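Each ligand, and each atom within it, is numbered from 1 in the order the structure gives. What you see is a predicted model, and the numbers here were worked out from it, not measured in a lab.
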Amino acid sequence: DAKRRGRNTWQRFNPELARRQSDRVQVEGQLRRALDNGEFRLVYQPLVDLVDGRVHRAEALLRWHSPVLGEMSPDAFIGHAETTGDIVRIGAWVVHSACRQLAAWRREGLALPRVAVNVSWRQFLTEDLPQVIAAALAEHDLPGEGLELEFTERVLIEDAPDTHDSFERLRALGVRLTIDDFGEGYSALNYLRRLPIHGLKLAQGFLQGVPEAPSDVAICQAVAGLGHGLGLEVVAEGIETAAQREFLLGIGIRCGQGFLYAPGLEVDDFAAYLRRVGC
Ligand code: C2E
Ligand code: MG
Ligand code: MG
Ligand code: MG
C-alpha cells in the first residue's frame with residue numbers, strides 16, 4: 001500500500017519526475033484533440049539511388065504542430081500515442097494521407113513509384129491492417145505497389161498468432177514490407193525465415209560510426225550480407241556524409257535516405273526536389 005511503498009517512492013519530492021508526469025498528461029491531453037483539429041501533416045523524405053541520385057521512393061514522416069506545445073517531433077509523441085491508443089486513428093490517417101498525396105502527385109505527372117509509411121506495433125496489433133490498407137488503396141485508386149509499410153522489430157517480437165497471416169494478406173495486396181531500424185531492436189533472426197518481407201532498413205545508429213568505428217563497420221557489413229543473402233533489398237537511413245555513401249556502395253547498398261540528400265520535405269518542396277533530380 002501507499003504507506004509501505006511511500007518509504008521508497010515518496011520520501012522526497014522528485015521535481016524531475018513530477019515535471020515528466022505533467023508533460024505526459026499534457027501531451028496526451030493535447031494528442032486526443034490533435035487529429036480532429038487538423039494539427040498533423042506529413043513531410044516526405046526522398047530515398048535515392050546512391051549511384052545517380054534519382055528518387056526511388058519517399059518515406060512519409062509525421063509532424064505535429066500543437067497550438068499549445070509547439071512543433072513536436074515524433075519521438076516526443078508517438079510513444080504517448082501508442083500508450084493511449086490514439087496511434088491507431090492517427091496511423092490510419094497517415095496511410096490515407098500518404099495515398100492521397102501519391103495519387104495527387106501522379107495526377108500532376110510526377111511518376112513517383114512509391115511512398116513508405118511507418119506502422120506502429122500498436123496499430124498493427126489493434127486493427128485489421130490489411131483491411132485498412134486495402135480500403136485506402138481502393139479509395140485513391142492506387143496499386144499495392146505504390147505503398148510500402150515500415151515495421152519496427154517490436155511488431156515481430158509481440159509475435160501475435162496472426163502476424164504471419166497479416167503479412168501474407170498485405171503481401172497479396174502488392175504492398176512492400178520492410179523491417180525498419182533493423183538491428184536496433186531485439187533482432188531475433190528467426191522471423192526472417194518465416195515472414196514474407198521484401199526488405200531491411202539498416203538502423204541509422206550503426207551508420208553513424210562509419211567509417212571510423214570498426215564495430216559499426218562490421219555490423220553494417222553483416223546486415224548487408226544477411227539481407228542480400230536472403231534475397232532482401234537492404235536500404236540505409238541517416239546518410240550524412242559522402243564517405244558513408246561510398247561505404248554503402250562498397251557493401252552493395254544502393255538505396256538510402258539522409259541529410260546528405262534531403263531531410264523530410266514539405267509537399268511542395270518534395271515535388272520540386274523530384275522535378276529537379278528525377279526518378
Ligand atoms: P524512422 O522511421 O526510422 O525515420 C527516420 C528518422 O530519421 C526520421 O526522423 C528522419 O527525419 C531521420 N533522419 C533521416 N535522415 C537523417 C540523417 O541523415 N540524419 C539524422 N540525424 N536523422 C535523419 P523523424 O521524422 O523525427 O521520425 C522519428 C521516428 O518517428 C521515425 O523513425 C518513426 O519511427 C517514427 N515516426 C515518424 N512518422 C511516423 C508515423 O507516421 N507513424 C509512426 N507509427 N511512427 C512514425
Ligand atoms: Mg521509417
Ligand atoms: Mg528507421
Ligand atoms: Mg527510427
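- Between atom 36 (N) of ligand 1 and the options P263, P74, S97, the minimum heavy-atom separation is to P74.
- Counting heavy atoms from C-beta on, the side chains of H198 and L232 never come closer than 4.5 Å.
- Looking at L129 and V119, their side chains come closer than 4.5 Å, going by heavy atoms from C-beta outward.
- Listed by number with element, the atoms of ligand 1 under 4.0 angstrom from any heavy atom of G258 are 15 (N), 18 (O).
- The proximity of E59 to ligand 1, defined as any non-hydrogen pair under 4.0 Å, is limited to the side chain.
- Close contacts of ligand 1 with Q45, meaning ligand atoms under 4.0 Å from a residue heavy atom, involve 14 (C), 15 (N).
- Using a 4.5 Å heavy-atom threshold, the side chains of L202 and V235 count as separate.
- Ligand 1 has an N or O atom lying under 3.5 Å from an N or O atom of F259, backbone or side chain.
- From N37, atom CG reaches atom CZ of R32 across 13.0 Å, with rounding to the nearest 0.5 Å.
- A salt bridge links E150 with K201: the distance from a Lys NZ or Arg NE/NH1/NH2 to an Asp or Glu carboxylate oxygen falls below 4.0 Å.
- Within the 4.0 Å heavy-atom criterion, the part of D180 lying near ligand 1 is the side chain and not the backbone.
- Shown in contact with E237 at under 4.0 Å from a heavy atom are these atoms of ligand 1, numbered in order with element: 3 (O), 4 (O), 5 (C).
- Minimum heavy-atom separation, L200 to G227: CD1-CA, 3.9 Å.
- Taking only nitrogen or oxygen atoms, main chain and side chain alike, E240 reaches within less than 3.5 Å of ligand 1.
- The shortest non-hydrogen separation linking L207 to A236 is CD2-CB, 4.4 Å.
- Summary: OD2 is the N/O/S atom of D180 found nearest to the Mg ion (ligand 2).
- Heavy-atom minimum distance, R245 versus V51: NH2-O, 3.8 Å.
- Using a 4.5 Å heavy-atom threshold, the side chains of V95 and V117 count as touching.
- Proximity annotation for atom 44 (N) of ligand 1: of S120, A236, G256, G264, S120 comes nearest, heavy atoms only.
- In terms of polar-atom proximity, L62 is counted as a contact of ligand 1, with an N or O under 3.5 Å from an N or O of the ligand.
- Some N or O of Q204 is nearer than 3.5 Å to an N or O of ligand 1, by distance alone.
- Here the closest heavy-atom approach between residue F77 and residue M72 is recorded as CE2-O, 3.4 Å.
- Under a 4.0 angstrom heavy-atom cut-off, E82 registers as lying outside contact with ligand 1.
- Taking CD of E148 as the start and NE2 of H56 as the end, the distance is 11.0 Å to the nearest 0.5 Å.
- When you scan the N, O or S atoms of E59 for the one nearest the Mg ion (ligand 2), you land on OE2.
- Near V94, meaning under 4.0 Å from one of its heavy atoms, ligand 1 places the atoms 41 (O).
- For ligand 1, the atoms sitting less than 4.0 Å from at least one non-hydrogen atom of D181 are 3 (O), numbered in the order shown with element in parentheses.
- Rounding to 10 degrees gives 90° for the angle at the Mg ion (ligand 2) between OD1 of N118 and OE1 of E150.
- An N or O contact shorter than 3.5 Å is missing between Q123 and ligand 1 by distance.
- The atom of D181 nearest to the Mg ion (ligand 3) is OD1, with the search restricted to N, O or S atoms.
- Of all the atoms in ligand 1, the ones that sit under 4.0 Å from a non-hydrogen atom of I78 are 43 (C), 45 (N), 46 (C).
- For the salt bridge (Lys or Arg N to Asp or Glu O under 4.0 Å) with D49, the qualifying choice from R57, R54, R254 is R254, the only one to do so.
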